[in-house]
There are 2 protein chains.
Amino acid sequence: MATQKESGAPARRPRTPDTTPAASKADIVLNAARSIFLAHGFSAATTDMIQREAGVSKSTVYAAWPTKEALFAAVIQRECGQFADSLRDMQFESDDITHSLTQLARAYLSLIVSPKGLALYRVIVAEAPRFPELGRAFYAAGPEVVASIVAQFLERGAARGLIDVQTVGFPTAAALFISIVRGEAQLECLMHPDARPSDAQIDRWVEAAVQTFAFAFVKRP
Amino acid sequence: MATQKESGAPARRPRTPDTTPAASKADIVLNAARSIFLAHGFSAATTDMIQREAGVSKSTVYAAWPTKEALFAAVIQRECGQFADSLRDMQFESDDITHSLTQLARAYLSLIVSPKGLALYRVIVAEAPRFPELGRAFYAAGPEVVASIVAQFLERGAARGLIDVQTVGFPTAAALFISIVRGEAQLECLMHPDARPSDAQIDRWVEAAVQTFAFAFVKRP
DNA sequence: GTCTATATGAAGATAGAC
DNA sequence: GTCTATCTTCATATAGAC
């Protein structure tokens, strides 16, 4: 594949250079950095590894980001954005409350116990003291997104007389639902990195969580 | 204070050298290593920092542990043991179910959102892929200890007709209780390292968690 | 066992040619 | 902008004196 010069399209001086013809070098570096940072964490990752993985030289890395810290921040911010996008794409039918909660829980749990989800969590938990803005970004992109979806869902259920959040309120009930779903499953995966959970195991966690939440807040017919 | 030579006590050749007269050098190094590793994580921590913090030379460090990895493992194993000890010391009266659960939850949550508890969690989550045995040790020293305490407590409550764990079983119910207590509180603290939670905030988290658990599993009189 | 001094290697970051 | 080559710094680990 011949490397095209920037005169590919005869448009008159595009101010923002077209990056579509192929992944730009910056994107290649960013993807390589994601791979390395998620695999090794911030401190153990080296710019040499990233440079090698991307197949570029050091100068290309430092041309786009002034420091290793800035590159790391760019990687994590992008990952958080994609994480939030995939959460917002979650759809579920609202006919049966328990069934809908099960669907939502399974989608969320599958995402956060996936290798990518666990790796992102690990590196952010580890580096949040050094990069506080990344901790906030992750919280806003993950738990807060899900919480708002669940809270709206609970409010609609309550309006139909199917749910009673009792004394705790909708936002807290939503946060509790997320905690119940996430809790044991994520912790076990984090602490036993050799064993990957089966789909059946995920279903069991989801079922116990949804049942418990339903015992507390879903009205019996 | 004059540095005493090892001829302090005229006992005849003690086989296991007495370490009580003052903290042994190895203990000093271990404490310094704990401080540095918990503050910076494994990779960002350096043996120079530890050596400086302990006020000893490099040789003293390498005399007791062959590598940085071995020193790290020793530190974390000891921390996990102390963590488990402080959990096992938790006592609570079993007159009132809700009150007892509240006491238990507050003690556990205070521990894990303390600076020390958060730092230990951060470093283990980050390094579990590289040190799988430490992840298992932490899981056994923390969640498993609490789970067994809670499960026994729930069984006694069920025997008295105060609790109905319904379809989920005692071990799962205990794990769910821990997840509900831990969930939102720990996550917020991890992701907002600048803000330390007040006692009132901890009480609010505990109350919401215990209420929800009670809604699901504690029988109404 | 503990110290000072040093070997060895690698990290982050830069200089200068193209 | 991108590359090769290099500079500076500092880490882990070791050698040798006390």
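Here is the naming used below: chain letters follow the sequence lines, and residue numbers restart at 1 for every chain. Everything numeric here is computed off the predicted structure, so don't read it as measured data.
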Between [atom2] on [N] and [atom1] on [X], what's the gap in Å once rounded to a whole number?
| X | N | atom1 | atom2 | value |
| --- | --- | --- | --- | --- |
| B:Asp48 | C:dA7 | CG | P | 17 Å |
| A:Ile50 | C:dA13 | CD1 | P | 11 Å |
| B:Leu71 | D:dA11 | CG | P | 16 Å |
| B:Lys58 | D:dT12 | NZ | P | 6 Å |
| B:Arg52 | C:dC3 | CZ | P | 15 Å |
| B:Gln51 | D:dC10 | CD | P | 14 Å |
| A:Asp27 | D:dT2 | CG | P | 12 Å |
| A:Tyr62 | D:dT8 | OH | C1' | 13 Å |

Discussion item. Counting only side-chain nitrogens and oxygens, does A:Lys25 get under 4.0 Å of the OP1 or OP2 atom of D:dC3?
Written reply: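 For D:dC3, OP1 or OP2 has a side-chain N or O of A:Lys25 closer than 4.0 Å.
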
Worksheet item: Is any side-chain nitrogen or oxygen of A:Thr46 closer than 4.0 Å to OP1 or OP2 of C:dA10?
Response: no

Item to complete: Report which part of the nucleic acid A:Ser57 touches: base, sugar-phosphate, or nothing (heavy-atom distance under 4.0 Å, all strands).
Response: base

Discussion item. Using a 4.0 Å heavy-atom cut-off, does A:Ala45 contact any base of the nucleic acid, only the sugar-phosphate backbone, or nothing at all?
Written reply: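 The answer is sugar-phosphate, as A:Ala45 gets under 4.0 Å only of primed atoms, P, OP1 or OP2.
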
Worksheet item: If you measure from the Lys or Arg side-chain nitrogens to the Asp or Glu carboxylate oxygens, is any gap between B:Asp194 and A:Arg136 under 4.0 Å?
Response: yes

Worksheet item: Are B:Arg34 and B:Asp27 close enough for a salt bridge, meaning some N to O gap below 4.0 Å?
Response: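 Looking at B:Arg34 and B:Asp27, the cut-off is not met.
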
Worksheet item: Do the side chains of A:Ile124 and A:Cys80 get nearer than 4.5 Å, heavy atoms only?
Response: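 When only atoms from C-beta onward are counted, A:Ile124 and A:Cys80 do touch, with a gap below 4.5 Å.
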
Worksheet item: Ignoring hydrogens and angles, are the base of D:dT14 and the side chain of B:Ser59 linked by a donor-acceptor pair under 3.5 Å?
Response: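 No, no donor-acceptor pair under 3.5 Å.
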
Fill in: Atom CG of A:Asp89: over 12 foreign heavy atoms under 6.0 Å
yes

